[in-house]
Amino acid sequence: MTKFELAKAYDFKATEKRIYKFWEDAGYFQPTNDPNKPDFDPTKKPFVISIPPPNVTGKLHLGHAMFISMEDLMIRHARMKGIPTLWVPGSDHAGIATQLQVEKALAKEGKTRDDVGRDEFVKLAWAWKEEYGGHIQQQIRRLGASCDWTRERFTLDEGLSIAVREAFVSLYEKGLIYRGPRLINWSPNLRTAVSDLEVEYSDENGTLYYFKYRLADGSGDFIPVATTRPETILGDTAVAVHPEDERYKKYVGKQVLVPILDRAIPVIADEYVDREFGTGALKITPAHDPHDNEIGINHHLEVINILNKNATINENGGSYEGLDRFACRKKLWADMKAANLVIKEEPYRMSVPRSQRGGEIVEPLISTQWFVKIKPLAEAALKAVQDGQIRIIPDHFTKVYYNWMENIQDWCISRQLWWGHRIPVWYCDDCHEVTVARQDPDRCAHCGSTNIHQDEDVLDTWFSSGLWPFSTLGWPEETPDYKYFYPTTILETGYDILFFWVARMIMDGIEFTGKPPFEIVYLHGLVRDEKGQKMSKTKGNVIDPLTVMDTLGTDAMRFTLLVGSTPGKDTNLSIKKVEANRNFANKVWNAGRFVISALEKSPAKPNGKARWTGADEFIHARMRAVVRSVNYLFENFQYGEAGRQIYDFFWSEFADWYIEIAKLQLEEGGDRAFYTAQTLVRVLEKCLRLLHPFTPFVTEELWQNLKKAIEESGTGITIGGDWAEALITASWPESMPEEEWENTSIQAFQTGIMEIVKGIRTLRLDNKVPFRDKVEITLVTTTLQNLISNDIPLISALCNLAKVNITKTLPQQEEFKNYPSTALPSSGSTLLFHLNNSSLSADKRTQLEKELRGISSQIDRLEKLLGSDFAKKAPPVVVQREREKLSAFQETAEKLKDQINAL
RNA sequence: GGGCGGUUAGCUCAGUUGGUUAGAGCGUUGCGUUGACAUCGCAAAGGUCGUAGGUUCGAGUCCUAUACCGCCCACCA
């Protein structure tokens with residue numbers, strides 16, 4: 001007797017926390033790296049993932065839930081395969097995001113960052129990190145993430161700061177980092193430069209302003225020009241026209257006057273100008289537009305910056321000085337109108353650059369910043385993918401990657417922020433040379449002066465993220481971790497940060513370690529709402545993973561995310577799906593309860609040899625097939641499909657069929673009961689292993705209970721292998737070679753028991769005979785007789801039959817004419833339902849004829865098929881399969897005709 | 001402008017080595033159920049797999065063209 005009283009429903013709330021603690025305390029997440037430990041094997045290639053570090057002050061959202069589920073799946077699978085497995089967790093200091101939060105908190109006290117000063121601000125930011133930084137790590141634990149918390153890292157850690165310093169200095173020494181004035185994207189609210197990637201363009205309604213550029217010669221002649229940003233007129237240093245434009249050719253070389261300011265600027269000719277667009281004349285503002293900047297360089301134009309750092313107009317704007325850029329736009333335009341310099345305004349659809357973080361309009365302007373000369377790094381990174389050293393999944397993102405790498409621009413890495421890695425550059429106040437050093441210097445490396453000061457800027461957050469796979473393992477030190485675990489195996493993340501992060505890690509990895517930092521890039525899709533829309537607070541369609549876990553359980557949510565996703569494709573999440581998977585977790589739980597209860601009905605291990613029933617063989621054969629298929633799918637990164645197949649097998653074959661049959665087989669007692677219990681245990685146990693990477697909690701809890709129950713049952717049931725300490729360390733089911741009996745067993749069960757039982761169920765429903773009424777049937781068959789001879793009691797019990805008759809030919813007695821019947825086309829058999837109801841007989845002919853029509857069309861189709869080249873050219877196995885189908889159909893058709901004739 | 005993806009049941013989506021009139025969940029309809037599970041069971045209805053060609057004995061699956069939807073990159077004053 002087992003003393004197991006498992007709850008009727010799976011109680012995930014009670015289970016999840018306890019199980020997680022059990023795993024963590026037992027040290028399962030922590031691979032050994034100690035040569036003195038017995039389980040350390042330096043010849044084994046470890047499986048390693050570095051977590052995409054979430055923002056340290058972030059809150060868990062579905063994007064996190066997605067990658068945690070995905071990576072935990074990979075990690076658990078590898079761990080079960082017996083591979084030394086490491087998943088390095090950590091978080092990112094998230095320069096701009098965190099600084100904004102701290103500034104927001106300050107703003108509540110009516111202060112700005114300037115009020116408190118840099119040192120104090122950084123202290124506040126650290127305090128903020130200490131207070132909120134742990135939250136997301138706790139939330140990641142709730143997801144069941146089996147990462148090694150003893151190796152947790154933070155991008156501003158001491159070790160990682162050393163890595164950042166090393167990376168910067170080494171790039172600088174190679175001439176791959178330079179400083180200079182260039183046109184960059186300026187974020188006025190944040191008062192920092194941002195990289196091109198951090199600018200997002202949005203299509204918005206704007207205005208195209210047409211105005212007059214008067215000639216300086218006082219002729220009163222003018223060139224019409226259009227712009228979307230009138231305030232930039234203040235910084236114009238030329239007007240460009242196309243060299244062959246008949247309208248404006250004559251003006252080239254002459255001077256025109258900047259409106260209001262009356263500054264004289266040249267008219268130049270450049271082929272870049274599109275004669276068709278606008279007025280065909282282009283104002284040139286080299287300081288505030290990328291193209292204009294290029295043209296300016298080619299024509300040696302003056303560069304006039306008109307903006308302050310907060311996007312107000314500076315001293316170059318004359319009377320507009322101090323005005324905000326947009327206020328200036330209004331006022332300048334009004335003034336121009338008054339001066340009769342305005343032609344017209346028209347509505348215009350334009351693409352507006354906005355800051356990814358703050359959302360405000362970004363201004364292109366000239367500023368002195370630090371840049372990485374990226375082309376040499378990109379070339380090597382490109383090659384690593386081309387050569388197959390790194391494989392990107394799904395494949396089509398390879399092209400996206402190439403496209404980006406081939407057109408890459410230098411990367412602006414300096415940020416005018418306070419929260420981040422300070423740029424390791426010191427300026428000498430005496431000789432004005434720069435000192436770039438790994439250790440903080442106390443004097444100038446050139447003149448020895450102690451009058452030096454460090455660069456005020458910090459590095460782009462992504463600069464440190466790019467080093468993540470190796471900086472977290474100890475680089476630049478040759479630590480044991482670095483030597484053993486680097487390069488990592490898979491980099492798993494969303495495709496939205498392919499450029500931000502993945503591409504940079506590849507470039508940095510190759511540059512600094514000489515090796516690609518990982519072998520596989522697996523990109524998952526974004527999680528959207530059930531209609532496929534992006535989740536956003538304003539739309540109110542945000543699903544909070546914490547709430548989902550609270551109400552439906554972590555396993556259900558993980559399973560939903562994993563099974564609903566295909567690599568690289570966005571997935572639409574709806575609560576309905578999670579509910580369905582909550583039901584699945586409960587189904588697993590209850591199947592487990594049943595199997596445990598079956599142990600009570602099983603005697604101890606018998607001496608006799610195993611006697612398997614058709615059902616036993618069927619479920620074993622299907623289990624083997626599922627294991628093979630799941631392994632194939634895992635090898636090809638098709639985790640979603642793998643999960644789906646396990647789900648289907650578990651529910652519609654194991655639970656719906658085998659367990660139902662097992663109930664009857666257990667009643668027989670003796671050996672039959674023993675082998676049934678053993679089959680139940682073995683199949684369930686294997687399913688728990690397969691499911692564990694998807695739904696770790698319910699499977700672990702059940703597995704441990706099952707193990708204990710078996711030990712205490714005294715049945716001596718084995719699982720054909722060793723039990724492990726815990727499911728998390730149990731071995732992964734490997735594929736077994738396909739054997740002849742598998743197919744035979746599956747075929748036999750499906751065409752025999754399954755089809756007969758389904759047929760009887762259908763007859764019952766069609767004829768409104770409830771299950772509780774016993775009925776008699778006659779099975780007319782030439783093929784199934786031997787196959788099911790032992791299964792008559794089983795079929796009888798499953799269908800509540802009083803009697804089963806088996807004949808080879810249709811009975812000729814008068815009464816049978818009125819019996820409802822159904823054809824079993826895959827075996828060429830017919831089922832007669834003993835129910836003499838003359839009111840039904842009227843319909844019988846039509847029903848039979850309808851069935852016959854269906855079957856006949858199948859026969860026609862197959863005859864045609866088999867008469868075609870198909871028979872000659874298709875593989876014999878395939879042809880044979882169709883032949884068998886045809887003969888079964890033909891037999892069915894004969895029987896149907898006989899019945900019709902007998903009416 | 002360049003690139004990529006999608007189009008399969010009422011809805012949301014699976015369906016990767018081409019194998020023969022397509023699957024799931026939810027929804028709908030009907031029936032059932034006190035012993036693993038109502039977080040359940042049995043069944044039904046519902047699809048010419050966007051369109052047009054092509055390759056092949058065979059195409060949802062491969063190729064070409066096309067329509068519509070979506071995304072990414074570059075960005076035109």
Side-chain angles (χ1 to χ4, degrees), chain A residues 6 8-10 196-197 201 208-209 225-229 232 240 272-274 276-285 289-292 348 350-351 353 394-397 399-400 402-404 407 495-496 498-499 525-526 529-532 552 556 560 563-566 568-574 576-577 579-598 632-633 636-638 640-641 644 647-648 651-652 655-656 659-660 663 757-758 761-762 764-766 768 770-772 857-858 861-862 865 868-875 877-879 881-882 885:
Chain A
L6 296 187
K8 255 194 140 177
Y10 169 52
D196 296 346
L197 277 178
Y201 290 86
L208 191 54
Y209 300 85
V225 175
T227 181
T228 53
R229 296 187 292 159
T232 62
Y272 169 77
V273 181
D274 178 358
E276 309 302 318
F277 193 89
T279 63
L282 178 60
K283 64 190 262 323
I284 304 294
T285 324
D289 181 280
H291 273 112
D292 291 6
Y348 185 64
M350 57 191 213
S351 175
D395 195 46
H396 71 256
F397 274 104
K399 283 189 206 163
V400 179
Y402 289 163
N403 187 31
W404 189 73
N407 298 299
Y495 64 78
D496 54 330
L498 179 61
F499 306 140
L526 276 29
D529 79 355
E530 59 186 316
K531 300 244 166 64
L552 298 166
T560 308
V563 162
S565 69
T566 307
K569 278 178 70 175
D570 293 353
T571 81
N572 299 355
L573 182 75
S574 74
K576 294 243 182 215
K577 282 189 197 170
E579 277 169 2
N581 290 323
R582 182 268 321 262
N583 296 353
F584 177 59
N586 189 58
K587 187 81 183 177
V588 172
W589 179 256
N590 273 293
R593 284 177 67 215
F594 174 77
V595 172
I596 287 172
S597 76
Y632 171 82
L633 292 166
N636 291 284
F637 305 97
Q638 297 177 53
E641 180 62 15
R644 235 166 276 131
Y647 175 104
D648 285 342
W651 201 314
S652 22
D656 287 354
I659 287 184
E660 290 311 311
K663 286 175 187 170
V757 171
K758 280 184 182 174
R761 282 173 182 165
T762 308
R764 273 186 184 281
L765 280 161
D766 286 352
K768 307 215 179 338
F771 185 80
R772 60 180 171 271
S857 79
Q858 294 281 10
R861 202 191 99 243
L862 287 167
L865 181 68
S868 72
D869 279 357
F870 171 77
K872 283 176 254 163
K873 300 200 178 174
V877 204
V878 177
V879 178
R881 204 158 54 216
E882 297 309 310
K885 263 192 224 165

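Just so it is clear: chains get the letters A, B, ... in the order the sequence lines come, proteins before strands, and each one is counted from 1. Hydrogens, waters and symmetry mates play no part in the numbers below; they use all other heavy atoms, side chains included.
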Open item on the list: Pairing check on B/rC57: which nucleotide meets the Watson-Crick or G-U wobble criteria with it, both distances under 3.5 Å?
Closed with: B/rG19
Open item on the list: Distance criterion of 3.5 Å, no angle test: do you see the side chain of A/K663 paired donor-to-acceptor with the base of B/rA36?
Closed with: yes
Open item on the list: Tell me the interatomic distance from A/W651, atom CH2, to B/rA36, atom C1', rounded to whole angstroms.
Closed with: 12 Å
- [ ] Give the B/S/- string for nucleotides 72-77 of chain B, one per nucleotide from 5' to 3', where a protein heavy atom under 4.0 Å of the base yields B, of only the sugar-phosphate yields S, and otherwise -.
- [x] SS-BSB
- [ ] To the nearest Å, give me how far apart CG (A/L865) and P (B/rU20) are.
- [x] 10 Å
Task: Sugar-phosphate, base or nothing in reach of A/R861, heavy atoms under 4.0 Å - done: base
Open item on the list: Please pick, from B/rC42, B/rC57, B/rU12, the nucleotide with the shortest atom-to-atom distance to any side-chain atom of A/R761.
Closed with: B/rC42
TODO: State whether the distance check finds a donor on one side and an acceptor on the other, under 3.5 Å, for side chain A/K587 versus base B/rC37.
DONE: yes
Task: Atom pair distance, as rounded to whole Å: CG in A/D656 and P in B/rC40 - done: 11 Å
Task: Nucleotide nearest A/T566 (side chain, heavy atoms from C-beta), chosen from B/rA36, B/rU16, B/rG19 - done: B/rU16
- [ ] Give none if B/rC76 has no partner; otherwise give the nucleotide forming a Watson-Crick or G-U wobble pair with it, both distances under 3.5 Å.
- [x] none
Task: Spacing of A/Y272 atom OH and A/D292 atom CG [to the nearest 0.5 Å] - done: 7.5 Å
- [ ] Report the distance from atom CD of A/E579 to atom P of B/rC26, rounded to the nearest whole Å.
- [x] 10 Å
TODO: Could you let me know what B/rG5 is paired to, Watson-Crick or G-U wobble, both distances under 3.5 Å, or none if it's on its own?
DONE: B/rC69
Open item on the list: Tell me which nucleotide, if any, is Watson-Crick or G-U wobble paired with B/rC11 when both distances must be under 3.5 Å.
Closed with: B/rG25
TODO: Whole angstrom is fine here: how far is it from NZ in A/K399 over to P in B/rG3?
DONE: 10 Å
Task: Between C1' of B/rU28 and NZ of A/K576, the distance in whole Å - done: 12 Å
Task: Partner nucleotide of B/rC42 by Watson-Crick or wobble geometry (both distances under 3.5 Å) - done: B/rG30
Task: Whole angstrom value for the distance that separates P of B/rG10 from CD of A/E530 - done: 18 Å
Task: A/E579 and A/R582: CA distance, side-chain angles, deciding distance, salt bridge (Lys or Arg N to Asp or Glu O under 4.0 Å) verdict - done: CA-CA 5 Å; A/E579 277 169 2; A/R582 182 268 321 262; 5.4 Å; no
Open item on the list: Judged by each residue's nearest nucleotide on RNA chain B, which is more toward the 5′ side, A/N636 or A/D869?
Closed with: A/N636
- [ ] Name the closest nucleotide to the A/L765 side chain, picking from B/rC37, B/rG25, B/rG30.
- [x] B/rG30
TODO: Please determine, for the side chain of A/K577, which listed nucleotide (B/rU12, B/rA43, B/rU20) has the closest atom?
DONE: B/rU12
- [ ] Examine the base of B/rA24 for any acceptor or donor lying under 3.5 Å from a partner atom in the side chain of A/E641, and report the outcome as yes or no.
- [x] no
Open item on the list: On a heavy-atom basis, which atom in A/V225 and which in A/T279 lie closest, and how many Å separate them?
Closed with: CA-OG1, 3.5 Å
Task: Between B/rU61 and B/rG19 - P atom distance, rounded Å - done: 11 Å
Open item on the list: Could you tell me how far B/rG15 sits from B/rG30 if I compare only their P atoms? Round to whole Å.
Closed with: 34 Å
Open item on the list: From the set B/rG5, B/rG25, B/rG32, return the single nucleotide nearest to any side-chain atom of A/H396.
Closed with: B/rG5
Task: P gap between B/rC72 and B/rC62, integer Å - done: 25 Å
